[in-house]
Amino acid sequence: SCYEIYNNDVYDLLNRRTPIKHYENNKLIKFKGLTNIFIGDSSDFKKNLTVAWKNRVTGRSSKNSASSRSHGVFVLETMKGGKVTFVDLAGSERGADMCRGDRETNFINTSLFSLKECIRAKRACLNHIPFRRSKLTSILREYFRAECKIKIIGTICPHKACIHDTLNTLDYTTQMR
């Protein structure tokens, strides 16, 4: 399955951005109407990922003409019950990029901050994980349990003009260790 969280709403990326509802069942988040597709080989994987990513909301920023404005979530489940979830986060926004509107910027920044706080709490083995602070962390709450592993991959740019963004990315990912 593949979905996006945009402005606190959830959309099915494998079904033309159809809005989907989610609910809690036995402390797990379930989705009503989310498309699940059997992936037989790498060709199926690439085809479906391409369809999903073309459906994501993008917009222009000062650094990128097609910046993702949503958090994309791609879930792979194995036949034996294993599960791997990849989350492509929307970039954090600063004052120079706030021309798109305060609502979108606020949701992006709030969810990124909430994610960082949840991962910090998990790594510190705290009793309380503040996952209710954003839609992103609320949906991903099962991953903050002790038996789940979280890995962070930060994408950075080697160009001198992008040094500020690179340092911000490194700082964000380092703080979540």
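Here the structure is a predicted model, which means the values were calculated and not measured. Atom set for the values below is all heavy atoms of this structure, side chains included, hydrogens, waters and symmetry mates excluded.
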Going from [atom1] on [X] to [atom2] on [Y], what distance comes out if it is rounded to the nearest 0.5 angstrom?
X: Asp171; Y: Lys116; atom1: CG; atom2: NZ; value: 6.5 Å
X: Asn168; Y: Cys162; atom1: CG; atom2: SG; value: 11.5 Å
X: Ser134; Y: Leu140; atom1: OG; atom2: CG; value: 8.0 Å
X: Arg123; Y: Cys125; atom1: CZ; atom2: SG; value: 10.5 Å
X: Ile156; Y: Asp165; atom1: CD1; atom2: CG; value: 11.5 Å
X: Asp12; Y: Asn36; atom1: CG; atom2: CG; value: 8.5 Å

Group every Ile, Leu, Val, Met, Phe, Trp and Tyr by side-chain heavy-atom contacts under 4.5 Å, then state whether [X] and [Y] land in the same group.
X: Leu49; Y: Phe38; value: no
X: Leu112; Y: Tyr143; value: yes
X: Leu13; Y: Val75; value: no
X: Ile29; Y: Tyr3; value: yes
X: Tyr6; Y: Phe107; value: no

Exercise for the section: Apply the test side chain to side chain contact (heavy atoms under 4.5 Å, CB included) to residues Thr155 and Thr169: give CA-CA distance (whole Å), side-chain angles for both, the deciding distance (0.1 Å), then the verdict. Expected result: CA-CA 7 Å; Thr155 305; Thr169 298; over 6 Å; no
Mark yes when over 12 heavy atoms from residues, nucleotides or ligands other than [X] sit less than 6.0 Å from its [atom1]; otherwise mark no.
X: Phe113; atom1: CZ; answer: no
X: Ile153; atom1: CD1; answer: no
X: Lys21; atom1: NZ; answer: no

Within the side chain of [X], is there an N or O that forms a donor-acceptor pair under 3.5 Å with the backbone of [Y]?
X: Arg56; Y: Ser70; answer: yes
X: Thr166; Y: Cys157; answer: yes
X: Asp41; Y: Ser43; answer: yes
X: Asp88; Y: Gly72; answer: no
X: Asp44; Y: Ile39; answer: no
X: His71; Y: Leu89; answer: no

Practice task
State which residue, out of Val10, Val73, Val87, fulfils the side-chain contact (heavy atoms from CB on, under 4.5 Å) condition with Ile139.
Solution key: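 Answer after filtering Val10, Val73, Val87: Val10.
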Practice task
Go through the steps for Leu115 and Phe144 under the test side chain to side chain contact (heavy atoms under 4.5 Å, CB included), then give the verdict.
Solution key: CA-CA 10 Å; Leu115 179 62; Phe144 303 122; 4.0 Å; yes
Are side-chain heavy atoms of [X] and [Y] found at a separation under 4.5 Å?
X: Val57; Y: Tyr11; answer: no
X: Lys135; Y: Ser138; answer: no
X: Phe131; Y: Lys122; answer: no
X: Arg141; Y: Ile129; answer: no

Problem - Test side chain to side chain contact (heavy atoms under 4.5 Å, CB included) applied to Asn7 and Arg103, step by step - result: CA-CA 7 Å; Asn7 282 349; Arg103 184 172 190 257; 3.3 Å; yes
Handout entry: Parallel, tilted or perpendicular, as decided by the 30° and 60° cut-offs, for the rings of Phe74 and Trp53
Key =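 Rings of Trp53 and Phe74: perpendicular, as their planes differ by over 60°.
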Exercise for the section: Take Leu34 and His22 through the side chain to side chain contact (heavy atoms under 4.5 Å, CB included) test and state the conclusion after the steps. Expected result: CA-CA 9 Å; Leu34 181 63; His22 63 280; over 6 Å; no
Problem - Distance-minimising heavy-atom pair for Asn15 and Thr35 - result: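 In terms of heavy atoms, the two residues are closest at CB-OG1, 3.5 Å.
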Exercise for the section: Write down the atom of Thr85, the atom of Lys83, and the distance for their closest heavy-atom approach. Expected result: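 Looking at all heavy atoms of both residues, the closest pair is OG1-CE, 4.1 Å.
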